[in-house]
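Okay, so here's the structure we're looking at.
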Number of protein chains: 2
Amino acid sequence: MEISNLYKHHPRHYVSVDCIIFGFNGEDLKLLCIKRSFPPEMGKWSLMGGFLGENESIDEAAYRVLEELTGIKHVFLEQLQGYGSVNRDPAARVISLAYYALINPGEYKDAISPHFSAKWFTLGQVPELVFDHNEMVDKALRRLQRRCKTQPVGFELLADRFTLPQLQKLYESIFRMTYDKRNFRKKILSLGILQKLDEKEKETSKKGAYLYRFEKTKYDDLMKRGIHFEI
Amino acid sequence: MEISNLYKHHPRHYVSVDCIIFGFNGEDLKLLCIKRSFPPEMGKWSLMGGFLGENESIDEAAYRVLEELTGIKHVFLEQLQGYGSVNRDPAARVISLAYYALINPGEYKDAISPHFSAKWFTLGQVPELVFDHNEMVDKALRRLQRRCKTQPVGFELLADRFTLPQLQKLYESIFRMTYDKRNFRKKILSLGILQKLDEKEKETSKKGAYLYRFEKTKYDDLMKRGIHFEI
DNA sequence: CCAAAAGTGTTCAGCTTACACCCATGA
DNA sequence: TCATGGGTGTAAGCTGAACACTTTTGG
């Protein structure tokens, strides 16, 4: 048998990717949703998604979908898992691969395509979404929490330079807790992966807070030596 | 447009499931592989897999594939993630959803279908597998380690009744470490989810070791009260 | 000068880790 | 009786959590 015909008796399926896009505005963790202007479920809130093409990997498809909405490449993007209930999409059988992305909304706010009627929702105030998208969001949040505990992905949600109070608010909104600022600073600085700058950010206070930068090289060193950090 | 025709301009893909089947023989953590008796890559070692049917969910497909090989239902099975590089399968574009399963090989050793030339490999001695299957196994092992740290899934790899030395060996083989037995017993018993039986297992020692049973109700109570345990 | 946010150390409790000897029994 | 694996307690160090006051400066 021709190699290309080996599987021809098996069914084929539509495959899509759906993106859970997280952002942080300095106060709350946010989710970017779109208002569907196309059937099925037209007019309802939804995650941004798209169908998998013939010649792109699923990761490439996720990046493409993300770029169609936000105009940006090179963001943190990680696959969650596949969703494949038979009737999850009323229009047809579709296997969807959920990805979650972390972006800094401030940096890209003008890039988000108006074509999709996108809107940021505070986590906890996310509306009912189509299909199984709410389930995906819940799972993505738990994954984000876990990632933030063992890897420095939180920084993806902040600008290049950030203050410790900003970082603390980010962690507090991700984990829906409050932390003692002395303990938080002690812990985060003890990791030795932040570089203190000589500059202060003075927009949110009169005194001003020192800016820091995440030092990827120091983090990579730690990882090479097998040290996993916890926050 | 007819709802069933909404997606007709999008490509469709073969979708498969692949199962990483872990077992524990009392000494080592094992992986169940099959020798492919069919193309492509005939004769090579592979994970057990199968194509997704028209009217089954991906979870159902994974259970079906697992049952075809092992003859068993109702085992621990969890999805890892999807794999979708364009050329991961030389025969055709196939999107695969990887699942990992935990079984107690002793209980099912006669049920494993001889049709697939299956063999248990000790982790660390797994041969080169077809496609991206080695990558899936690595990922599954890391997921298993994480699961075992926060949920009592290790018990899935043991018989209903087990001794503490057996349990310790299991954890040691999963995490490739050794533990101090006093500390291990203290920690595991302090969780309060094990029921000590009056019976001893005397096959591996003259003195005999007490048998224990995992008490799911106690564990569920803990979970309800929001206590996540760590081992 | 005062309101508002940034920055700073110490103490205590609980947990983790290290560590050594006796017990029961089949051969 | 002895070899083999099962079972037990304690002390030290470390980590995480609780806690209050001073500093800076724009308005």
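Below, chain A is the first sequence line, B the second, and so on; all start at residue 1.
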Testing D:dC19, C:dA5, D:dG7 for proximity to the side chain of B:Lys207, the answer is D:dG7
Atom OH of B:Tyr210 and atom P of D:dG5 are separated, to the nearest Å, by 19 Å
Sorted by position of nearest nucleotide on DNA chain D, 5' first, the leading residue of B:Leu164 and B:Lys186 is B:Leu164
* Asked: Any chance NZ of B:Lys200 has more than 12 other-residue heavy atoms, nucleotides or ligands included, within less than 6.0 Å?
  -> yes
Picking from D:dG7, C:dG7, C:dG26, the nucleotide nearest the side-chain atoms of A:Ala209 would be C:dG7
Closest to the side chain of B:Lys187, out of D:dG6, D:dC19, C:dT17, is C:dT17
In numerical order, the residues of residues 190-197 of chain A whose heavy atoms come under 4.0 Å of DNA chain C are none
To the nearest angstrom, the NZ-P distance between A:Lys202 and D:dG27 comes to 10 Å
Next item on the list: Answer yes or no: is there an ion pair linking B:Glu68 with B:Arg64, defined by an N-O contact shorter than 4.0 Å?
Entry: yes
_Salt-bridge contact B:Lys169-B:Glu172 (side-chain N to carboxylate O under 4.0 Å)_ = no
Of the candidates C:dA18, D:dA20, D:dA17, the side chain of A:Arg182 sits closest to D:dA20
Between OH of B:Tyr179 and C1' of C:dA18 the distance, given in whole Å, is 16 Å
### Task
Please work out if B:Lys200 contacts a base, only the sugar-phosphate, or nothing of the nucleic acid, heavy-atom cut-off 4.0 Å.
nothing
Rounded to whole Å, the CG-C1' distance (B:Leu189 to D:dT8) equals 12 Å
Overall bend of the helix from C:dC1-D:dG27 to C:dA27-D:dT1 (five pairs an end, 10° steps) is 0°
A:Glu203 atom CD is separated from C:dA6 atom P, nearest whole Å, by 13 Å
From CZ of B:Arg185 across to C1' of C:dC19 the rounded distance in Å is 16 Å
Open item on the list: Regarding A:Glu201 and A:Arg161, does a basic nitrogen lie under 4.0 Å from an acidic carboxylate oxygen?
Closed with: no
- [ ] Scan A:Thr163 against the nucleic acid and name what it touches under 4.0 Å (heavy atoms): base, sugar-phosphate only, or nothing.
- [x] nothing
Taken to the nearest whole Å, CD/A:Glu201 to C1'/D:dT24 is 15 Å
- Task: May I ask you to decide whether B:Arg142 forms a salt bridge with B:Asp138, counting only side-chain N to carboxylate O separations under 4.0 Å?
- Result: no
Is any side-chain N or O of B:Lys181 closer than 4.0 Å to OP1 or OP2 of D:dT8? no
Side-chain H-bond candidate by donor/acceptor type, B:Ser173 with B:Asp28, under 3.5 Å:
no
Note to self: If you take the centroid of each ring, where Trp contributes its six-membered ring, are A:Phe131 and A:Tyr83 closer together than 6.0 Å?
What the structure shows: no
Between A:Asp59 and A:Tyr99: side-chain donor-acceptor atoms closer than 3.5 Å = yes
When B:Phe24, B:Tyr212, B:Phe155 are each screened for ring-ring contact (aromatic ring centres under 6.0 Å, His included) with B:Phe162, the one that passes is B:Phe155
Next item on the list: Take B:Glu78 and B:Arg147 through the test salt bridge (Lys or Arg N to Asp or Glu O under 4.0 Å) and record every step on the way to the result.
Entry: CA-CA 10 Å; B:Glu78 181 182 313; B:Arg147 269 287 163 280; 2.8 Å; yes
Testing C:dG9, D:dG9, C:dA3 for proximity to the side chain of A:Lys206, the answer is C:dA3
Atom CG of A:Asn183 and atom C1' of D:dA20 are separated, to the nearest Å, by 13 Å
